[in-house]
Number of protein chains: 2
Amino acid sequence: MTSMAPEERIGSHVKRAEQALLAAKNAACKPAAVTVPQYAALLWLAEKPGISAAALARLCGVTPPTMNTVLKNLQERGFIERTPHEWHRNVLETRLTDAGRAAMELADAGAVRVERALAAAFTEEERQLLIELLGRCAEALDAER
Amino acid sequence: MTSMAPEERIGSHVKRAEQALLAAKNAACKPAAVTVPQYAALLWLAEKPGISAAALARLCGVTPPTMNTVLKNLQERGFIERTPHEWHRNVLETRLTDAGRAAMELADAGAVRVERALAAAFTEEERQLLIELLGRCAEALDAER
DNA sequence: TTGCATGCATTAGAGCTCTAACATACATTC
DNA sequence: GAATGTATGTTAGAGCTCTAATGCATGCAA
């Protein structure tokens, strides 16, 4: 019996929380007709106009091909526009359109509501403690690779 | 400025921990040539032979179509076999093959190693506290929907 | 018996995610 | 100037994930 009960596995609980988070944010983004990854990209784009797709991928914590997929869908919807960079011809500058900004703001309202509800489940001390413990999780797991 | 800084969002940290967890488990499952969802299904199948796909989906926390995809890939690899139920003709009983059990055990060794490394980053008190806080996260988020 | 409810399985379609590989463009160094 | 290195962008392929819809089987109730 080298195995481990699911209840004892910290990973199980992390996964469960993440699933609930994704479901809640998905519902919150639904009125804006965007997915959670799309919302994340739009949010960063509002803050850093003209950013490259690779840099945006790093901010969102995904790989460049993944961001490429997300941006392609956003472009088809007319939420972003991509223009060649003046000097670095290989770089595409990505910017929000007016429709993209509107969608971002609508989705953001829902996302912030979810975050506030989540934060309300904890005292300020607990919140900071949770963040600290989660940080240690990521650290330990990254070191394991 | 109704927005919220990413650092203040608990969700950001949950997501980051989950991503690190997935990456670590993925690497741990690589020697067995299975993905993390495949490993999860194999693990439950070892414990509950003959379970239905829908029940397995509930245990793994995914939808039936998702589990269908995972099982299809496992079946193509010869890791599981599915036979019609004696009475309920519409139900397929799923069981591990010998190769499936071997793959599960190999992947489980890696997964348990990851979990132990993760647990080692905390004291017993911290571990229980983290689990408790994560549980409250899931609870608050589920209530939000 | 007929109808309804429940549950399982599956398909279709959209979208995200990764690794691997390749092509391009700029920057630095020899 | 040429080679190397770094960064970006893209394509290909595999796999996971969801919602929505459909078909089938079983069991219960009118």
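Letters go in sequence order (proteins before strands), and every chain restarts at 1. The shown structure was predicted, so the numbers you read here are calculated from the model rather than taken from an experiment.
- Proximity of B:Gln38 to the phosphate of D:dC16: a side-chain N or O atom is located under 4.0 Å from OP1 or OP2.
- Checked for salt-bridge contact, A:Arg136 and A:Glu132 meet the test: a charged N lies under 4.0 Å from a carboxylate O.
- When distances are taken from the side chain of A:Pro37 to each of C:dA20, C:dT17, D:dT17, the shortest belongs to C:dT17.
- Side-chain contact of A:Thr69 with A:Thr66: a donor-acceptor pair under 3.5 Å is absent, judged by distance alone.
- Distances were taken from every side-chain heavy atom of A:Arg77 (C-beta onward) to each of D:dT17, C:dG15, C:dT17; the shortest belongs to C:dG15.
- Between the CG atom of A:Asn26 and the P atom of C:dG15 there is a distance of 13 Å, given to the nearest Å.
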Go through the steps to decide whether B:Leu130 and A:Leu129 satisfy the test side chain to side chain contact (heavy atoms under 4.5 Å, CB included), and finish with yes or no. CA-CA 9 Å; B:Leu130 174 57; A:Leu129 184 56; over 6 Å; no
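- Here the side chain of B:Asn68 is nearest to one of C:dA9, D:dT8, D:dT10, namely C:dA9.
- In this structure, the NZ atom of A:Lys30 is 14 Å from the C1' atom of C:dG15, given to the nearest Å.
- Within 4.0 Å of A:Thr35, counting heavy atoms only, lie sugar-phosphate atoms of the nucleic acid but no base atom.
- The phosphate of D:dT8 (OP1 or OP2) has a side-chain N or O of A:Arg58 nearer than 4.0 angstrom.
- Residue A:Lys15 contributes atom NZ, which lies 12 Å from atom P of D:dC16 at whole-angstrom precision.
- Using a 4.0 Å cut-off, no side-chain N or O of B:Thr69 falls inside it from OP1 or OP2 of D:dG15.
- Residues B:Leu59 and B:Tyr39 share a hydrophobic cluster, clusters being chains of Ile/Leu/Val/Met/Phe/Trp/Tyr side chains in contact below 4.5 Å.
- Summarising the geometry, the separation between CD on B:Glu18 and P on C:dC18 is reported as 12 Å, rounded to the nearest angstrom.
- Mapping A:Thr63 and B:Pro65 onto DNA chain C by nearest heavy atom places B:Pro65 at the nucleotide closer to the 5' end.
- Counting any heavy atom pair closer than 4.0 Å across all strands shown, A:Asn73 reaches sugar-phosphate atoms only and no base atom.
- The residues A:Glu115 and A:Arg113 are annotated as not salt-bridged, no charged nitrogen and carboxylate oxygen being separated by less than 4.0 angstrom.
- Spacing between atom OH of B:Tyr39 and atom P of D:dC16 amounts to 16 Å, rounded to whole angstrom units.
- As a whole-Å value, the separation of B:Glu93 CD from C:dG7 C1' is 16 Å.
- Checking C:dA9, D:dG9, C:dC18 against every side-chain atom of B:Ser52, the shortest atom distance belongs to C:dA9.
- Contact check, B:Arg82 against C:dC8: no side-chain N or O comes under 4.0 Å of OP1 or OP2.
- Regarding B:Leu42, its CG atom lies at a distance of 14 Å from the P atom of D:dG15, rounded to whole Å.
- As rounded to whole Å, 11 Å separates atom C1' of C:dT17 from atom CE of A:Met67.
- In the set D:dT17, C:dT10, C:dC8, C:dT10 carries the atom at the smallest distance from any side-chain atom of B:Leu92.
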